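Here is the structure we will look at.
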Amino acid sequence: MVEFWVNVFLISLLVVITFYIIRLRSLIAVVALSGAYSLTAAAIFVNLDAVDVAFTEAAVGSGISTILFLAALRYLPLEEAHQTRYSGLSLSLCTIVALMLIFAAFALPDFGDPNAPAHIHVAPRYIEESYPLFHIPNVVTNVLASYRGFDTLGEVVVVFTAGIGVIILLTGSTLSMRFEKTENALDQKSKTSKEEA
Amino acid sequence: MRDNPVFRIVSKILFGPIIIYGLYVQFHGDYGPGGGFQAGVIVAAAFILYALIFGLEKVRNIMPNLVIQYIMALGVLVFAGTGIVSILMGSNYLDYSPFAYKIYKAQHLGIIIVELGVGLTVFAVMLGLFYAFTGFKPKK
């Protein structure tokens with residue numbers, strides 16, 4: 001019962017954070033709030049006993065993403081340029097989609113239902129085999145690296161390709177080629193602050 | 001702010017423990033929550049913290065761009081190469097069973113190697129993205 005109310009609290013916190021993200025104009029505040037959003041989501045995952053997912057969400061979602069957003073802010077002005085206008089059409093479209101999703105959510109199996117489709121396919125085999133056969137207590141790692149090794153290989157290739165792609169898009173070449181020529185922002189800032197001092 | 005001694009000393013103290021914690025998450029993935037993805041991000045975070053306080057130049061001295069690029073590719077190579085090795089040892093792609101005599105030892109070994117590959121790639125990509133975002137003047 002406690003878990004239920006903790007979840008209710010955290011999810012309403014998510015709603016409040018989302019509301020402020022929409023309302024606030026200062027981009028730094030929005031970035032900070034999106035970090036807070038990820039952290040709250042990580043807390044929800046912990047509460048649902050999905051510790052591995054929570055770990056990833058906390059490290060990637062609220063850690064690195066926030067830093068990268070802040071770094072990307074350098075290319076942007078500090079505030080949103082013009083007032084967002086709310087049109088009736090988009091509002092009604094959002095409401096309709098939200099209602100459809102909520103309606104569809106009633107058809108989902110209950111949380112922790114042992115007869116849910118996700119729990120009767122291959123999951124029981126993973127859980128039964130993992131410790132007795134392989135002596136690996138954390139089934140998640142076993143599924144990721146062993147049973148679903150191909151998926152994880154694909155994920156790593158996706159991370160690699162995306163990283164290379166973004167770096168080439170931002171810099172116009174690979175890192176090593178053009179990096180030496182341009183002064184970078186962080187060091188530039190420290191120089192100016194020293195000059196001022 | 002960056003000349004503030006509190007920030008400088010705290011970041012120096014934290015740098016080592018963050019990396020050790022990342023390695024713990026990396027190699028303890030079979031037993032507790034964590035694995036290559038999280039560990040890569042944590043280790044990258046240590047370097048980013050250092051860069052935020054001491055400037056990008058210092059970090060690029062110990063982790064140059066070229067090294068980052070090689071690590072990025074090396075991770076994928078380790079992961080995919082593990083599969084090739086298992087083929088060469090007479091098994092299916094990414095089947096770890098021929099790596100050791102006992103099945104659970106082979107499984108542990110395979111998972112640790114593969115997770116190492118994941119960790120290397122994620123670490124290098126995260127740090128490379130940070131370099132790319134902060135290291136260039138935006139074109140006007």
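Since the model is a prediction, treat every value here as computed from it, not as a measurement. Lettering follows sequence order; numbering is per chain, from 1.
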If you count heavy-atom pairs under 4.5 Å with chain A, which of B:Ile42, B:Val114, B:Ile111 comes out on top? B:Ile111
Looking at CG of B:Leu52 and CG of A:Leu70, how far apart are the two atoms once the value is rounded to the nearest 0.5 Å? 9.0 Å
Heavy-atom contact with chain B under 4.5 Å, split by part of A:Val140: neither
With no hydrogens and no angle check, is any side-chain donor or acceptor of A:Asp52 less than 3.5 Å from a backbone partner on B:Pro33? no
Out of curiosity, A:Phe160 CZ to B:Phe79 CZ, how far, rounded to the nearest 0.5 Å? 14.5 Å
Below 4.5 Å from any heavy atom of chain B, which atoms of A:Ile136 appear? Answer side chain, backbone, both or neither. both
Joint hydrophobic cluster, B:Phe15 plus B:Leu56, side-chain heavy atoms closer than 4.5 Å: yes
Joint cluster assignment, B:Val25 & B:Val43, ILVMFWY side-chain distance < 4.5 Å: no
Taking B:Thr134 for its side chain and A:Ala71 for its backbone only, find out whether a donor-acceptor pair lies under 3.5 Å. no
More than 12 non-hydrogen atoms from neighbouring residues, nucleotides or ligands closer than 6.0 Å to OH on B:Tyr70, yes or no? no
Which residues in residues 26-38 of chain A have a heavy atom less than 4.5 Å from any heavy atom of chain B? none
Determine yes or no for a side-chain-to-main-chain donor-acceptor pair under 3.5 angstrom, with B:His108 supplying the side chain and A:His135 the backbone. yes
Linking I/L/V/M/F/W/Y whenever their side-chain heavy atoms sit closer than 4.5 Å, directly or via other members, would A:Leu10 and A:Leu48 fall into one cluster? yes
Less than 4.5 Å to any heavy atom of chain A: does that hold for the side chain of B:Ala106, its backbone, both, or neither? neither
Please say yes or no: joined through hydrophobic side-chain contacts below 4.5 Å, possibly via intermediate residues, are B:Phe130 and A:Ile168 part of one cluster? yes
Do A:Val8 and A:Met1 belong to the same hydrophobic cluster, where Ile, Leu, Val, Met, Phe, Trp and Tyr are linked whenever their side-chain heavy atoms lie under 4.5 Å apart, directly or via other members? yes
Quick check on the interface: out of A:Asn142, A:Val139, A:Leu153, who has the most heavy-atom pairs with chain B under 4.5 Å? A:Leu153
Ranked by heavy-atom pairs below 4.5 Å to chain B, first place among A:Leu68, A:Val60, A:Leu144 goes to A:Leu68
Quick one: CZ on B:Phe133 to CD1 on A:Ile167, what's the gap to the nearest 0.5 Å? 10.0 Å
Any side-chain heavy-atom pair from B:Val125 and A:Val166 closer than 4.5 angstrom? no
If you count heavy atoms of other groups shown closer than 6.0 angstrom to OH of B:Tyr93, is the number above 12? yes
So which of A:Val159, A:Ile67, A:Val53 has the largest heavy-atom pair count under 4.5 angstrom toward chain B? A:Val159
Working to the nearest 0.5 angstrom, can you tell me the gap between A:Leu133 CG and B:Gln107 CD? 8.0 Å
Which value, rounded to the nearest 0.5 Å, describes the distance between B:Glu115 atom CD and A:Ser146 atom OG? 10.5 Å
Looking only at heavy atoms, which two atoms of A:Ala59 and B:Val41 are closest? And how far apart? O-CG1, 3.5 Å
Tell me the closest heavy-atom pair linking A:Phe150 and B:Leu94, and the distance in Å. CD1-CD1, 3.6 Å
Proximity breakdown for B:Phe37 and chain A, heavy-atom pairs closer than 4.5 Å: side chain
Is A:Thr152 close to chain B through its backbone or its side chain, or both, or neither, when contacts mean heavy atoms under 4.5 Å? both
So, the part of B:Val67 with a heavy atom under 4.5 Å from chain A: the answer is neither
